[in-house]
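One structure is given below, encoded as structure tokens.
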Amino acid sequence: MVIDKADRLDKFMEGVIARNPGETEFHQAVQEVATDIIPYMADKPIYKDLRILERMTEPDRVISFRVVWEDDKGDLRVNRGFRVQQNNAIGPYKGGIRFHPSVNQGMLKFLAFEQVFKNSLTGLPMGGGKGGANFNPKGRSDREVMRFCQAFMTEMFRHIGPETDVPAGDIGVGSREVGYLFGQYKRLVNRFEGVITGKALDFGGSYVRPQATGYGAVYMMEEMLSHHGEHVEGRSCLVSGSGNVASYCAEKLIDMGAKVLTLSDSSGFIHAKEGLTQDQVAWIKELKTVRRGRIEEAAKEFGLKYYKGKNPWGIAGELVFPCATQNEIDGEDAATLVKNGIRGISEGANMPTALEAIKVFGLAKNVLHAPAKAANAGGVAVSGLEMSQNSLHLQWPEAEVEARLRGIMRLVHDQCVEYGIQKGGHVDYFKGANIAGFTKVANAMLAYGVM
Ligand code: NDP
Ligand code: 2IT
């Protein structure tokens with residue numbers, strides 16, 4: 001039986017790899033989902049016969065375009081922009097925009113594919129998409145970033161719309177970039193409409209959207225622990241990254257009485273043996289979003305140890321929050337974390353654990369592991385709430401949005417339990433998230449017939 005399942009997975013993956021050559025991150029994301037969905041479909045021929053999983057792995061469309069802009073010296077620069085519209089079976093395409101030199105089609109296809117399942121888990125009517133460009137904002141002036149964003153939107157605007165496709169931020173795209181992107185869209189279409197989320201509060205943004213992903217990842221951890229009669233309070237935590245997700249994750253952990261031992265960026269990590277204070281996290285937030293400096297400066301400012309070129313996974317801690325980027329925990333890192341006795345991982349970043357690392361955590365039966373599509377769903381969930389507020393022409397109070405976010409993270413957790421509970425009560429959160437995310441989208445696709 002087991003061999004049969006493995007055979008079917010191998011065959012399916014052979015096709016995916018042949019159709020998407022070189023797109024290794026996309027292969028990885030599909031394999032992670034297919035590992036659970038193929039056995040789930042074994043006694044549900046309708047999904048198999050109508051090739052639902054094959055259809056879900058093929059984006060509705062991939063748009064690729066040239067972005068030409070002028071730098072401060074007057075030289076012309078050429079970048080490549082993308083929007084992957086993966087699946088709109090349960091709502092308009094929805095997902096972030098990433099500006100990073102590593103961006104390519106395969107990376108955005110993995111992110112768009114993940115987004116379909118994540119958005120479904122929130123219970124809100126959102127399909128999945130992702131976009132971005134191989135633009136490196138590091139070292140660029142505000143005006144250069146503005147010109148890039150305007151050039152990017154000058155092509156993308158024709159493919160998006162509040163009921164069609166609603167982008168948001170991701171790596172390298174925060175409040176500043178969303179302002180420039182939205183301003184250019186508004187100018188081009190001559191309409192003020194909720195086409196992008198993560199806007200500032202003054203022009204159609206939602207309370208709690210900046211905090212939502214980081215807070216949500218902590219709420220997911222609290223849900224997993226409290227399911228076992230435990231809590232976040234008093235635990236020592238390893239957080240990676242120091243951007244939007246990491247900084248608000250750290251803020252909420254401290255708020256809930258946990259100790260944040262580490263933060264990082266792509267150059268290295270800082271270690272605060274006694275735990276970072278709320279003031280230190282606020283200082284780091286300003287460092288990264290206003291002064292756009294390096295995490296090493298925080299080590300100097302606060303007299304903390306800095307480890308150049310290293311990630312935080314060798315430090316002993318109980319709860320782990322990877323909040324930087326994909327594949328930041330490999331098999332060896334996972335083995336180290338398990339050896340150091342970790343209790344839980346909540347993935348703030350998208351696909352931060354390599355397949356090998358997922359296996360290592362899965363074999364360590366006392367490790368609770370929430371996959372990205374569940375753990376970081378709080379961000380897109382509050383984006384969905386921003387869309388609702390925009391179409392109502394209203395702004396809900398902070399407490400209301402915060403309460404809804406808390407409720408959505410509970411719903412995400414409970415769906416993982418419903419579909420992922422094993423004999424003996426152990427919850428496979430990957431299986432739960434994959435199946436719960438899949439069923440709603442698959443059923444909608446069945447209802448539409450062949451397309
Ligand atoms: P930011 O751009 O605000 O921050 C990214 C952080 O990760 C920075 O500290 C950056 O370091 C670090 N980082 C980026 N790339 C790498 C790399 N290749 N290696 C090591 N470190 C790296 O992005 P976000 O905080 O928004 O996003 C972080 C993760 O969370 C991503 O995986 C994103 O997809 C995911 N996510 C984001 C959501 C959101 O609402 N923003 C929602 C759901 C998921 P440096 O400054 O050196 O570049
Ligand atoms: O990966 C993600 O979920 C995001 N970058 C946020 C997407 C959104 O539409 O808010």
Side-chain angles (χ1 to χ4, degrees), residues 25 91-103 107-108 110-119 121-122 124 126-132 136-139 165-178 194-199 205-206 208-217 239-250 263-270 284-285 287-289 292-298 309-312 321-329 347-353 372-387:
E25 285 137 339
Y93 305 109
K94 178 85 197 86
I97 297 281
R98 177 177 291 193
F99 291 162
H100 193 272
S102 63
V103 162
M107 185 185 293
L108 296 178
F110 116 62
L111 289 160
F113 180 74
E114 281 277 295
Q115 198 80 45
V116 173
F117 296 82
K118 183 196 309 191
N119 293 4
L121 278 172
T122 66
L124 300 174
M126 300 182 290
K130 199 86 186 189
N136 187 0
K138 282 202 188 85
D165 184 355
V166 183
D170 193 75
I171 290 177
V173 178
S175 176
R176 173 182 63 169
E177 291 73 18
V178 166
V195 75
I196 181 163
T197 58
K199 300 183 290 300
S206 173
V208 196
R209 177 62 189 90
Q211 296 86 347
T213 313
Y215 281 18
V239 181
S240 67
S242 49
N244 171 269
V245 181
S247 60
Y248 285 106
C249 171
L263 283 175
S264 71
D265 64 18
S266 56
S267 308
F269 79 94
I270 56 169
I284 291 167
K285 219 183 281 168
L287 168 76
K288 295 305 268 188
T289 55
R292 301 186 186 274
R294 309 303 301 158
I295 197 79
E296 183 175 9
E297 294 169 47
K310 295 233 157 36
N311 65 35
F321 297 86
C323 296
T325 194
Q326 62 275 355
N327 290 325
E328 56 174 314
I329 300 181
E347 299 185 344
N350 283 309
M351 204 168 78
T353 40
K373 56 177 77 73
N376 72 35
V380 74
V382 175
S383 277
L385 301 179
E386 184 172 329
M387 289 166 70

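When a ligand or atom number is given, it counts from 1 through the structure's own listing order.
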What protein heavy atom sits nearest [atom], and how far away is it?
| atom | result |
| --- | --- |
| atom 19 (N) of ligand 1 | Thr325 CG2, 3.6 Å |
| atom 3 (O) of ligand 1 | Asn244 N, 2.9 Å |
| atom 32 (O) of ligand 1 | Asn350 N, 3.1 Å |
| atom 27 (O) of ligand 1 | Ile171 CG1, 3.7 Å |
| atom 10 (O) of ligand 2 | Ser383 OG, 2.5 Å |
| atom 25 (O) of ligand 1 | Val245 N, 3.0 Å |
| atom 48 (O) of ligand 1 | Lys138 NZ, 2.8 Å |
| atom 33 (C) of ligand 1 | Asp170 OD1, 3.2 Å |
| atom 39 (C) of ligand 1 | Thr213 OG1, 3.4 Å |

Shortest non-hydrogen contact from Ala168 toward Lys94: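 Shortest heavy-atom separation between Ala168 and Lys94 comes out as CB-NZ, 3.6 Å.
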- request: Looking only at non-hydrogen atoms, find the nearest pair between Gly378 and Ala212 and report the distance.
  value: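 In terms of heavy atoms, the two residues are closest at O-CB, 3.4 Å.
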task: Return a yes/no value: protein heavy atom under 4.0 Å from atom 10 (C) of ligand 1?
output: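 False for atom 10 (C) of ligand 1.
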Ligand 1 to [X] polar contact by distance, N or O atoms, under 3.5 Å:
| X | result |
| --- | --- |
| Arg98 | yes |
| Gln326 | no |
| Lys130 | no |
| Arg209 | yes |
| Asn376 | no |
| Gly172 | yes |
| Ser267 | no |

task: Look at ligand 1 and say whether Met351 reaches it with a heavy atom at a distance under 4.0 Å.
output: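 Not so, Met351 does not reach ligand 1.
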- prompt: Just by modelled atom types, is the Gly174 backbone N or O under 3.5 Å from a matching donor or acceptor in the Glu177 side chain?
  reply: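 Yes: the side chain of Glu177 pairs with the backbone of Gly174.
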Which option wins on minimum heavy-atom distance to [atom]: [options]?
| atom | options | value |
| --- | --- | --- |
| atom 2 (C) of ligand 2 | Lys94, Lys118, Met387, Glu386 | Lys118 |
| atom 21 (N) of ligand 1 | Ala168, Ser266, Ala381, Ala372 | Ser266 |
| atom 28 (C) of ligand 1 | Gly241, Ala349, Ala324 | Ala324 |
| atom 1 (P) of ligand 1 | Gly169, Ser264, Gly216, Gly243 | Gly243 |

Going by the order shown, which atoms of ligand 1 are within less than 4.0 Å of some heavy atom of [X]?
| X | value |
| --- | --- |
| Gly348 | 30 (O), 35 (C), 36 (N), 44 (C) |
| His100 | 15 (N) |
| Lys288 | 46 (O) |
| Ser242 | 9 (O) |
| Cys323 | 28 (C), 29 (C) |

Within less than 4.0 angstrom of ligand 2, does [X] place any heavy atom?
| X | result |
| --- | --- |
| Arg209 | yes |
| Gly384 | no |
| Lys130 | yes |

- prompt: Looking only at N/O atoms, are Asn376 and ligand 2 under 3.5 Å apart anywhere?
  reply: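 In this structure, Asn376 places no N or O atom under 3.5 Å from an N or O of ligand 2.
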- prompt: Run the side chain to side chain contact (heavy atoms under 4.5 Å, CB included) check on Arg294 and Ser266 step by step: do they pass?
  reply: CA-CA 9 Å; Arg294 309 303 301 158; Ser266 56; 3.3 Å; yes
Which atoms of ligand 2 sit under 4.0 Å from any heavy atom of [X]?
| X | result |
| --- | --- |
| Gly96 | 7 (C) |
| Gly169 | 4 (C), 5 (N), 6 (C) |
| Ala168 | 8 (C), 9 (O), 10 (O) |

- request: Could you walk me through whether Val178 and Arg209 pass side chain to side chain contact (heavy atoms under 4.5 Å, CB included), step by step?
  value: CA-CA 12 Å; Val178 166; Arg209 177 62 189 90; over 6 Å; no
Candidate list Val382, Leu385, Val166, Val380, test side chain to side chain contact (heavy atoms under 4.5 Å, CB included), partner Thr197, passing option: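 That would be Val166.
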field: Residue portion contacting ligand 1 (non-hydrogen atoms closer than 4.0 Å) for Ser240
entry: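 None of Ser240 does.
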message: At under 4.0 Å between heavy atoms, is it the side chain or the backbone of Asp265 that contacts ligand 1, or both, or neither?
response: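 Asp265 to ligand 1: contacts from backbone and side chain alike.
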message: As a quick check of understanding, evaluate side chain to side chain donor-acceptor pair (under 3.5 Å) for Ser240 and Glu328, giving each step before the final call.
response: CA-CA 9 Å; Ser240 67; Glu328 56 174 314; 2.7 Å; yes
message: Residue-level breakdown please: for Val382 versus ligand 2, do any non-hydrogen atoms fall below 4.0 Å on the side chain, on the backbone, on both, or on neither?
response: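 Contact part for Val382 vs ligand 2: neither.
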task: Apply the test side chain to side chain contact (heavy atoms under 4.5 Å, CB included) to residues Met107 and Gln326: give CA-CA distance (whole Å), side-chain angles for both, the deciding distance (0.1 Å), then the verdict.
output: CA-CA 9 Å; Met107 185 185 293; Gln326 62 275 355; 3.5 Å; yes
query: Considering only heavy atoms from C-beta outward, does the side chain of Lys288 approach that of Asp265 to under 4.5 Å?
result: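 When only atoms from C-beta onward are counted, Asp265 and Lys288 do touch, with a gap below 4.5 Å.
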field: Test: Lys285 cationic atom under 6.0 Å from Tyr248 six-membered ring centre, within 45° of axis
entry: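 Flagged: Lys285 positioned over aromatic ring of Tyr248.
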task: Mind checking the OG1-CG spacing from Thr353 to Asn327? Nearest 0.5 Å is all I need.
output: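 It is 8.0 Å, given to the nearest 0.5 Å.
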task: List the steps, then state whether side chain to side chain contact (heavy atoms under 4.5 Å, CB included) holds for Ile284 with Leu263.
output: CA-CA 9 Å; Ile284 291 167; Leu263 283 175; 3.8 Å; yes
